[in-house]
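These notes are about the structure you will find just below.
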4 protein chains.
Amino acid sequence: MAMWDGRFSAETNKELARFSESVHYDKRLYAFDIMGSKAHVKMLAKQGIIPERTAWLISEELDNIKRRIDAGDFEFKSELEDIHMNIESALIGKLGAEGARLHSGRSRNDQIALDIRLYLRSEIQEIQDLIVALQKALFSQAEAHRETILPGFTHTQHAQVVLFAHHMLAYMEMFERDRGRLTDCSNRMNVMPLGSGALAGSTLHLDRRMVCEELGFTAVTRNSMDAVSDRDFIIELLGALSIFAMHISRLSEDFVWWSSQEFQFIEFADEFCTGSSLMPQKKNPDVAELARGKTGRVYGALMALLTVCKGLPLTYNRDLQEDKEELFDAIDTVKMILRVYPPMIATMTVKSDNMRRAACDPSLMATDLAEQLVKQGVPFRTAHHQVGELVKLALAARKPLDRLTLDEMKQAIPTATADFLEMFKPEASVAKREIVGGTGYNAVASQLGFWRGKLA
Amino acid sequence: MAMWDGRFSAETNKELARFSESVHYDKRLYAFDIMGSKAHVKMLAKQGIIPERTAWLISEELDNIKRRIDAGDFEFKSELEDIHMNIESALIGKLGAEGARLHSGRSRNDQIALDIRLYLRSEIQEIQDLIVALQKALFSQAEAHRETILPGFTHTQHAQVVLFAHHMLAYMEMFERDRGRLTDCSNRMNVMPLGSGALAGSTLHLDRRMVCEELGFTAVTRNSMDAVSDRDFIIELLGALSIFAMHISRLSEDFVWWSSQEFQFIEFADEFCTGSSLMPQKKNPDVAELARGKTGRVYGALMALLTVCKGLPLTYNRDLQEDKEELFDAIDTVKMILRVYPPMIATMTVKSDNMRRAACDPSLMATDLAEQLVKQGVPFRTAHHQVGELVKLALAARKPLDRLTLDEMKQAIPTATADFLEMFKPEASVAKREIVGGTGYNAVASQLGFWRGKLA
Amino acid sequence: MAMWDGRFSAETNKELARFSESVHYDKRLYAFDIMGSKAHVKMLAKQGIIPERTAWLISEELDNIKRRIDAGDFEFKSELEDIHMNIESALIGKLGAEGARLHSGRSRNDQIALDIRLYLRSEIQEIQDLIVALQKALFSQAEAHRETILPGFTHTQHAQVVLFAHHMLAYMEMFERDRGRLTDCSNRMNVMPLGSGALAGSTLHLDRRMVCEELGFTAVTRNSMDAVSDRDFIIELLGALSIFAMHISRLSEDFVWWSSQEFQFIEFADEFCTGSSLMPQKKNPDVAELARGKTGRVYGALMALLTVCKGLPLTYNRDLQEDKEELFDAIDTVKMILRVYPPMIATMTVKSDNMRRAACDPSLMATDLAEQLVKQGVPFRTAHHQVGELVKLALAARKPLDRLTLDEMKQAIPTATADFLEMFKPEASVAKREIVGGTGYNAVASQLGFWRGKLA
Amino acid sequence: MAMWDGRFSAETNKELARFSESVHYDKRLYAFDIMGSKAHVKMLAKQGIIPERTAWLISEELDNIKRRIDAGDFEFKSELEDIHMNIESALIGKLGAEGARLHSGRSRNDQIALDIRLYLRSEIQEIQDLIVALQKALFSQAEAHRETILPGFTHTQHAQVVLFAHHMLAYMEMFERDRGRLTDCSNRMNVMPLGSGALAGSTLHLDRRMVCEELGFTAVTRNSMDAVSDRDFIIELLGALSIFAMHISRLSEDFVWWSSQEFQFIEFADEFCTGSSLMPQKKNPDVAELARGKTGRVYGALMALLTVCKGLPLTYNRDLQEDKEELFDAIDTVKMILRVYPPMIATMTVKSDNMRRAACDPSLMATDLAEQLVKQGVPFRTAHHQVGELVKLALAARKPLDRLTLDEMKQAIPTATADFLEMFKPEASVAKREIVGGTGYNAVASQLGFWRGKLA
């Protein structure tokens, strides 16, 4: 029989028990559940709600239970529904009436609200650290290739020449914003809900602020009805993880195409690729593809939680139990990606020669010509049009831009001078973009310096 | 070492192996994988691609492997990546070179396309049967309450009187459409992909039509590149399951509110409710809440798969491996709901007296008055306005409509006659709606007859 | 004042009026609203509920109103809320009391359910036709390039040689399945809801089957409560359109990368590209990018509607008004894509030479070697491993496979014979895949024949 | 001809033009586009890239153009594609070559990145203000009903007695967190992208920090490739708006059910309700329903943008144009809700008597009994079980808990004393929950004080 069954005349239906139990996944919270219970009994004793000795006994036995679970030596029973009841039941099994004092002034509604917050505070910290590791891998490739040149793309078309370091640092920015969102989310959730009871607080004289300090929260929740029905922080976190997953999907897309026979810009180490069961020659960038695909499940988890909460009346409804599996899956997914990406990036070969060869496409320097004309005083739109004509002329002549003679050039650009013919070296093009945030050698060196400091 | 590693110089990275392996979930497909392999070797032998005796040996050993897996006596190895390689490896372990002939003319790309189709054909059939069981439970309550009257709601406001049977049969319609969508989906996916190879077909002389007949498909796929990269049928199925879950969420919403102290229209049996860890009096309609909440994960799975497939170039990409866990979870979720809902519905108490009491609200008969006037020849808009005035007058007089005198009524409705005073009995109101599809006693009896026949 | 305001004491709040009105978008339904009203009054007259002459007057005036709206000569008033009330109000303005008889036995709840079905039946037909036009454009490129060879990709890596026609026909299959889903959806929604009233049917003696036949539906809805709250058909349609959009996103992805400087497999006509405001040389495949991006809004519409319907109690709730804007946007989006894609495809240049050059990559023929060994009687796994070794050996020797000597080949493949050296011609590879659904010349010709017949 | 067409030989296809143009919706950005251009030319002049006088002319004419657009006196041309080109073209039309200098060192890629940030900074501020107005409306109802008692619900079941003020303040917390998320989002996006060019920065000597200060940003973006392809801030904002919409959907759900005939806890003013076209008595809580329904489109917009960005390679791709319509719609939706909710809440009638009557349900005080036993020293689990038995006993006796005699009570609770019989007054129950965050009179008064100060 369940621990809440005083009023019931019939046993729970078996299918319902299976439908309803959550311990097969919420057991993952055990350490945080125990941490919260220990702070709770310490406070109960201080407030004289339970005897000091009871608190000591409970606390010791909770430590025992934790050790048993750590060691895989604890039998979780699905008929006890969830992690809370499994632990409390084991406690009462050992301590009898003394253990039965633990749940005083507490409901599973505020208890789970506490447990998830403790859990997420810890997970977010771990994810933050893993993102830094990813940034370090990107940084090391960026630093190693501070002079490697490749075409920068817009619309998947050659646009302008950029440094490989610059391209890698673009992802640094994305992951840094991800870290910012995670920090904001963590700070916002770092309030202590225990003492909210089922929904209305407690009639016992609990000291919520003591529990708050004990567990390292920055404040107590201000409204008990909100506290037990709030899952904002889970949705906000899934939102942040979705954006992170989106960034990974973009990086993966770059990697996948760069690995193709047509690009051959990078090659992953053998240990990060897999082959084909049919085609003996295949070496597939599976990690990047899988990571890109995993975006789906993170987005899906976000959509799932938004759906769960849509239109729920106050306060706690059982629908909210559906928050955990999607959350856990999204966290596991993100951490798994973050464990495999840094070594994959660190060991990938950057084929600088192929990149540079592609960057020699002279049409990449068309903007430079137009801006050169601006420097001569030609209005930009006129300059843009003249260079456009030049491109058209070169296409018609089936010549690349850098094979045109000065005379030919002058047909489109009347003010073209001999130095225009020198503007097609990709290194020269890069060297001109020393604007803050630009791809110039010094601008990028300065950004590398910034990141070196930040990641240290 | 993996079975595709001929060309590789380094072992797969450990994190990648964990990231990449799928056997911990795709092992669920083993029976279908084996079914497909048996059809494949039978055909290979018939075509002379492998010896008859080899086919016989492989087929026997596949049966052995199936028996071992059935019995839980088969060790799945994650380093063998997936269910296909686990089975093939066990086969080769036993038969040596003879087993190594199994994969001739086949790729994991067409193999998995086959396995999922076989699996889904079976799952869809099971879900169809479970929906029929749900319909039967609804039907039995409808039949038992063919004369039970309750308020029908629009905008969650009392609108018009309806029969409880009519309300239940509304859900019958929804679930019947769900069955229609599942049938369409199952038919559309029932084409045989094997022989598509990795993407381009095979150079071996395979007989695809034989495999097709052997496995009970209606046709072979017409284009190999499409066949290995198509996951439409999974998305279509998740779409159908999402609509089903939405229907369940609506039914659950009705149930949850009907169970509230304010409504008291129904009560679930104790064995389908749970209590509170804090509040001793609570009896919560948890099943309905959980089922409503589970809508989220089905929607999430749909969104996940749509995301995975968005923007993938042809043909197979590893992203597609992400199709299975979301699919399996959605199927399990739907089946779990379908196992617990029928007995919950069958055992719920319909509190006819409370329902009828609510249905005596005379404002529910306002439309009847207006339509009575139409029968008198009053234009509908005029009739509607007169009855609106009557409602306003009753509100001002703080009287229910059925307490107004004929004189008071005539202030708003000049042509009102004594029989207007008799129109507030809910049974009378129901009895007037004998239109096809309406809530009249005979109309509903006729619908019950229709469903009785259909469900037989 | 609104037409339903009999009972109200205060005017509608202005912000609410703006919040609540829908005529600025649902006016798009006017022709279908009028079509439904005409069938309705014809039936009312036949049933003797309104005089024949009234029916004639209303019908004539509805035609007038339609003509005025067609001509842009009708003032829609947002204070009249929706298209229904705008038309009815204009009718009454003209016909007075006779017009006030139109809405007899009808509610806006069943009226809108009718209007959307009529509208969608028409839109789906138009979309079907547009998809056929898209298929014809694909077909014409396929037919023109029935001998054009390119690398087929898996994992965005060269996998095996395929025909360009085969690649195009893969998309034919996808769009054909889309058409199948649209047909199923259209058939399932083709039932007639009028007569369901607000939720419970009508007390008037309506002849629903007459209206059904008049409007070309296949049946009347069986349950009035379901009929007014059902939006399944919209969600099902959005699901089908989402899969279509996903297909477009995949085709677009192929097109975008094929247009890159690295691939140069295709080039879009100038009139389907745009340039850059900064970079004079740019010619961007904008249509393909935009179409790929528009996948987002179609998916978003699907998620929006699923969210709207989640957890709604029976029957009609005002939330359901939110069905239309998302639906209209998704339909407009899909039709816009379908208008621009066929001419874009028809006018694109397929650069066969570049494709063939890429297809000469001898590693694409690795599978052919392995299958050749299978024909010699080598078990497939052994064959696969030997060819894998050959690839490794070639990589180490920095030679393409087709430059290896027979002696070198024999180091990996002991049974290699001189004809193995001849297997690297892409045409030869294609010619071997004559399996049904494969990329062989005849297999593809046969598929082209199939489609030629189908599209005729 | 477009302004980028130098290199093109053919005019843009008409369907493409329609497909591709964005000015019909991005014209909404005109004021921000002009604000950005003015800062840009001021800087160009200071840097000597264009003459001072040109800058002055351009700036004056931009002001003129803004005045014309403000006044509705500007013709937007869809063949000019977007707001940028429309304004630049008008400028050049007026100033000729001088106007053609505006776009120096700028691309539409960094220009639109700037415009949206300026626009969103402004919109977020407006939404923040509107949320405060909503909070004020909630606060005024909370303050007016600081002593109004109603049942608090969990699982939609009576749980414990709470103050109406406490229930309202729960929503205050949610909206306050929404404000926090909006602030974080606004701060994170407040970096200046101009100078990033198309993707690689500029070869001109631009002073980005000057533009940054001029426009009130806190920093310049650090990486040009990231800056032009980043839409994180839009997704983050849509995430925050989705959570807000979810909160509104929950509040709406409470309101809708509280308005039902079964609850009758509140009544909306007539001007915030609408009637029925068929049922004359209906007064529907349409605003709450519509607002709840609009959750769908906000969620849909979030999913749309996540989909758009999934798997895009760096840097700018035309897919990103799809960011705006969904964003604008979500912002408009949220603002529309925020304009109608505060007056609706301020004018709703709280039916305190009905609420109190429902709160007299003695089972609501069951937890109080259990906690009273804890105060007596009974272990909580024992206490919980005893009260559960009491509930069961009362159900069997068909008596409410407060009608049991002390003797009956002692059958379940051996230590029950006479004062237990006094514990069923709801006021007494509320008065016991003075814990921080609880529903006690003083606890809530203290929260009201907190919010009074905060909203002042």
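Just so you know, these numbers use all the heavy atoms, side chains as well, and skip hydrogens, waters and symmetry mates. In what follows, chains are A, B, ... by sequence order, proteins preceding strands, each numbered from 1.
When heavy atoms are compared at a cutoff of 4.5 Å, A:Val436 approaches chain D by way of both its backbone and its side chain. Using a 4.5 Å cut-off between heavy atoms, A:Val378 contacts chain D through its backbone alone, with no side-chain atom that close. Contacts of D:Phe450 with chain A are made by side-chain atoms alone, with heavy-atom separations under 4.5 Å and no backbone atom involved. For a residue to count as touching a neighbouring chain, one of its non-hydrogen atoms must lie under 4.5 Å from one of that chain's; by this rule A:Asp319 does not touch chain D. Residue D:Trp258: no heavy atom, backbone or side chain, is found under 4.5 Å from chain A. Interface remark: D:Tyr316 contributes backbone and side-chain atoms alike to the contact with chain A (heavy atom separation under 4.5 Å). Proximity to chain D is limited to the side chain of A:Arg188, based on heavy atoms less than 4.5 angstrom apart. Residue A:Arg250 touches chain D through both its backbone and its side chain, counting heavy-atom pairs closer than 4.5 Å. For D:Asn109, the part lying near chain A is the side chain, with the backbone staying farther off; criterion is any non-hydrogen pair under 4.5 Å. Contact annotation for D:Val161: only backbone heavy atoms (N, CA, C, O) come within less than 4.5 Å of a heavy atom of chain A.
Interface remark: of the candidates A:Met303, A:Arg292, A:Glu434, A:Met303 forms the most heavy-atom pairs closer than 4.5 Å to chain D. By number of non-hydrogen pairs under 4.5 angstrom with chain A, the leading residue of D:Leu169, D:Asp230, D:Val256 is D:Asp230. Top candidate by heavy-atom pairs under 4.5 Å with chain A, chosen from D:Thr295, D:Val374, D:Leu199, is D:Leu199. Listed options A:Gly201, A:Ala200, A:Gly239, A:Gly152 were ranked by heavy-atom pairs under 4.5 angstrom with chain D; first place goes to A:Ala200. In terms of non-hydrogen atom pairs under 4.5 Å with chain D, the most contact-rich of A:Glu253, A:Arg222, A:Arg101, A:His155 is A:Arg222. Interface check for chain D: of the options A:Ala240, A:Ala366, A:Cys309, A:Gly440, the most heavy-atom pairs under 4.5 Å are formed by A:Cys309. Of the listed residues (A:Arg181, A:Glu236, A:His167), the greatest number of heavy-atom pairs within a distance under 4.5 Å of chain D belongs to A:Arg181. Of the listed residues (D:Asp254, D:Val391, D:Val228, D:Leu395), the one with the most heavy-atom contacts under 4.5 Å to chain A is D:Asp254. Between chain A and the options D:Gly438, D:Ser104, D:Gly99, heavy-atom pairs under 4.5 Å are most frequent for D:Ser104. Interface summary for chain A: among D:Ala159, D:Ser229, D:Gly105, D:Ala198, the most heavy-atom pairs under 4.5 angstrom belong to D:Ser229. Top candidate by heavy-atom pairs under 4.5 Å with chain D, chosen from A:Ala412, A:Gly377, A:Ser252, is A:Gly377. For the set D:Leu314, D:Asn317, D:Thr439, D:Thr221, the entry with the most heavy-atom pairs within less than 4.5 Å of chain A is D:Leu314.
Counting all heavy atoms, side chain and backbone alike, A:Ser249 lies closest to D:Gly311 at OG-N, 2.7 Å. Considering every non-hydrogen atom in both D:Pro313 and A:Thr156, the closest pair reads CG-OG1, 4.0 Å. In terms of heavy-atom proximity, D:Glu371 sits nearest to A:Thr203 at OE1-OG1, 2.6 Å. Of all the heavy atoms in A:Gly195 and D:Ile435, the pair that sits closest is O-CD1, 3.6 Å.
By the 4.5 Å heavy-atom criterion applied to side chains, A:Met246 and D:Asp232 are counted as neighbours. Considering only heavy atoms from C-beta on, A:Met172 stays 4.5 Å or farther from D:Asn223 through its side chain. The side-chain heavy atoms of D:Lys375 and A:Leu204, taken from C-beta on, include a pair separated by under 4.5 Å. D:Leu306 places a side-chain heavy atom less than 4.5 Å from the side chain of A:Leu302. Contact of the D:Met174 side chain with the A:Asp226 side chain is registered, since non-hydrogen atoms from C-beta on lie closer than 4.5 Å.
Of the candidates D:Gln160, D:His166, D:Arg433, A:Ser224 forms a side-chain hydrogen bond (donor to acceptor under 3.5 Å, both in side chains) with just one, namely D:His166.
The local environment of CZ in A:Arg209 is sparse, with at most 12 non-hydrogen atoms from other residues, nucleotides or ligands closer than 6.0 Å.
Using a 4.0 Å cut-off between charged nitrogen and carboxylate oxygen, D:Arg381 and A:Glu88 count as a salt-bridge pair.
With sequence neighbours excluded, no residue forms a ring-ring contact (aromatic ring centres under 6.0 Å, His included) with A:Tyr171. Every residue was checked against the side-chain hydrogen bond (donor to acceptor under 3.5 Å, both in side chains) condition with A:Ser446, not counting sequence neighbours, and none meets it.
Atom CG of D:Asp184 and atom CG of A:Asp184 lie 3.5 Å apart (nearest 0.5 Å). Atoms CD1 and OG1, on A:Ile92 and D:Thr382 in that order, are 8.0 Å from each other to the nearest 0.5 Å. Residue D:Phe153 holds its CZ atom at 9.0 Å from CE of A:Met225, rounded to the nearest 0.5 Å.
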